[in-house]
J.: 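Below you will find the structure I want to go over with you.
Since this is a predicted model, take the numbers as computed values, not measurements. Atoms within each ligand, like the ligands themselves, are counted from 1 in listed order.
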Amino acid sequence: MIKMGSTQVKKKKISLLFVCLGNICRSPAAEGIMKKIVEKNDLQDVIEVDSAGTSGWHEGELPDERMHAHGEKRKYDFCSYARKFRKSDFDKFDYVIVMDKNNYNSVKALADSPEQIGKIHLMTEFSLQYGYYDEIPDPYYGNSSDFELVLDLLEDACVGLLQSIKNHYSLI
Ligand code: 4NP
């Protein structure tokens, strides 16, 4: 059972959906990083994590091999299959966390209510050390330092995201 403030109680897990364009670089990396942080904090029974893309261009594919290789150097195994974001994700997830402003606009266009719009957050809202970045830059046409930067930004923002969730839900 998850306490929210003094009175409300949430019975379902807190659910996070990371969203980028292709769901093969940034959002599966965010998913893998966040899952590891959740496990380290022994919160697997409290927080669940998934990812999706605003496009269906890479549906069914494993993460981009460059993203996978850069993740492996940091002991991650990014291994989720790409899927497209769907309207029903607004009902299923508490947080819809997008990587850039294009993703924000694509997801917002599918929202039906202010409550759904309120679930959308830019990943960089949670940045701690890298507060001067206002989005997670798309590395797809970039080089290896672009992929490393994505991982630096995501690791930092995932720590900030967990802090923010802990504050909001009064988790230990
Ligand atoms: P992602 O990166 O949105 O971080 O998964 C991209 C993946 C594929 C493409 C663009 C960005 N693409 O043009 O196919």
Side-chain angles (χ1 to χ4, degrees), residues 14-39 47-111 116-162 164-165:
I14 299 162
S15 50
L16 318 178
L17 181 68
F18 294 106
V19 179
C20 61
L21 174 61
N23 194 208
I24 54 168
C25 295
R26 293 165 292 174
S27 61
E31 177 186 349
I33 292 167
M34 195 65 195
K35 279 183 172 162
K36 205 165 190 180
I37 292 177
V38 165
E39 278 166 27
I47 298 175
E48 63 188 353
V49 187
D50 193 7
S51 68
T54 57
S55 78
W57 300 337
H58 296 278
E59 208 137 32
E61 292 178 23
L62 282 165
D64 183 287
E65 59 189 33
R66 297 164 297 170
M67 190 81 258
H68 188 267
H70 283 274
E72 233 174 10
K73 287 202 286 173
R74 301 187 190 205
K75 309 263 185 282
Y76 299 109
D77 180 19
F78 303 139
C79 58
S80 53
Y81 290 95
R83 71 163 177 93
K84 191 175 179 183
F85 180 85
R86 31 185 185 261
K87 273 168 86 81
S88 58
D89 286 323
F90 280 119
D91 300 322
K92 208 168 155 209
F93 292 91
D94 299 304
Y95 289 75
V96 176
I97 302 163
V98 297
M99 299 296 140
D100 65 32
K101 290 166 198 164
N102 286 329
N103 309 151
Y104 187 94
N105 291 330
S106 305
V107 166
K108 190 179 170 204
L110 297 173
Q116 292 187 344
I117 293 171
K119 290 185 174 186
I120 312 170
H121 301 266
L122 265 169
M123 186 62 174
T124 45
E125 275 177 43
F126 304 105
S127 297
L128 299 173
Q129 299 173 54
Y130 293 94
Y132 46 93
Y133 278 87
D134 60 359
E135 31 182 40
I136 308 294
D138 183 348
Y140 192 68
Y141 293 106
N143 57 31
S144 81
S145 64
D146 297 306
F147 281 87
E148 286 297 311
L149 173 65
V150 165
L151 291 177
D152 289 340
L153 295 175
L154 292 178
E155 286 182 330
D156 179 50
C158 281
V159 173
L161 172 59
L162 181 61
S164 174
I165 292 170

J.: Mind checking whether L21 contacts ligand 1 via backbone (N, CA, C, O), side chain (CB onward), both or neither, at a 4.0 Å heavy-atom cut-off?
T.: both
J.: Quick one: is the NZ or CZ of K36 closer than 6.0 Å to the six-membered ring centre of Y76, and within 45° of its axis?
T.: yes
J.: So, applying side-chain contact (heavy atoms from CB on, under 4.5 Å) with M99, which one of T54, L154, D138, L153 is it?
T.: L154
J.: Which ligand 1 atoms, with their elements, are less than 4.0 angstrom from a heavy-atom of W57?
T.: 12 (N), 13 (O), 14 (O)
J.: Do side-chain atoms of S164 reach the backbone of G160 as a donor and acceptor pair under 3.5 angstrom?
T.: no
J.: Going by the order shown, which atoms of ligand 1 are within less than 4.0 Å of some heavy atom of Y141?
T.: 13 (O)
J.: Have a look at ligand 1 and work out which part of H58, if any, has a heavy atom under 4.0 Å from it: side chain, backbone, both or neither.
T.: side chain
J.: Quick one: look at D64 and ligand 1, take heavy-atom pairs under 4.0 Å, and tell me if it's side chain, backbone, both or neither.
T.: neither
J.: For atom 4 (O) of ligand 1, find the nearest protein heavy atom and state the residue, atom name and distance (0.1 Å precision).
T.: R26 NE, 2.7 Å
J.: Consider only side-chain N and O atoms of D134 and T124, and report whether a donor and an acceptor are under 3.5 Å apart.
T.: no
J.: Between F90 and F85, what is the ring plane arrangement, given parallel below 30°, perpendicular above 60°, and tilted in between?
T.: perpendicular
J.: Is the closest heavy-atom distance from M67 to ligand 1 below 4.0 Å?
T.: no
J.: For Y140, is the NZ or CZ atom of R66 found under 6.0 angstrom from the centre of its six-membered ring and inside 45 degrees of the ring axis?
T.: yes
J.: Of all the atoms in ligand 1, which lie at a distance below 4.0 Å from a heavy atom belonging to C25?
T.: 1 (P), 2 (O), 4 (O), 5 (O)
J.: Who's the nearest protein heavy-atom neighbour of atom 7 (C) of ligand 1, and how far?
T.: Y140 CD1, 3.4 Å
J.: Is the backbone N or O of K84 less than 3.5 Å from a side-chain atom of E59, with the two atoms forming a donor-acceptor pair by type?
T.: yes
J.: Can you find an N or O of C20 that's nearer than 3.5 Å to an N or O of ligand 1?
T.: no
J.: Please work out which of D138, V19, T54 has its closest non-hydrogen atom nearest to atom 2 (O) of ligand 1.
T.: D138
J.: So, D77 and K35, do they make that salt bridge, N to O below 4.0 Å?
T.: no
J.: Do any nitrogen or oxygen atoms of N23 come within less than 3.5 Å of a nitrogen or oxygen of ligand 1?
T.: yes
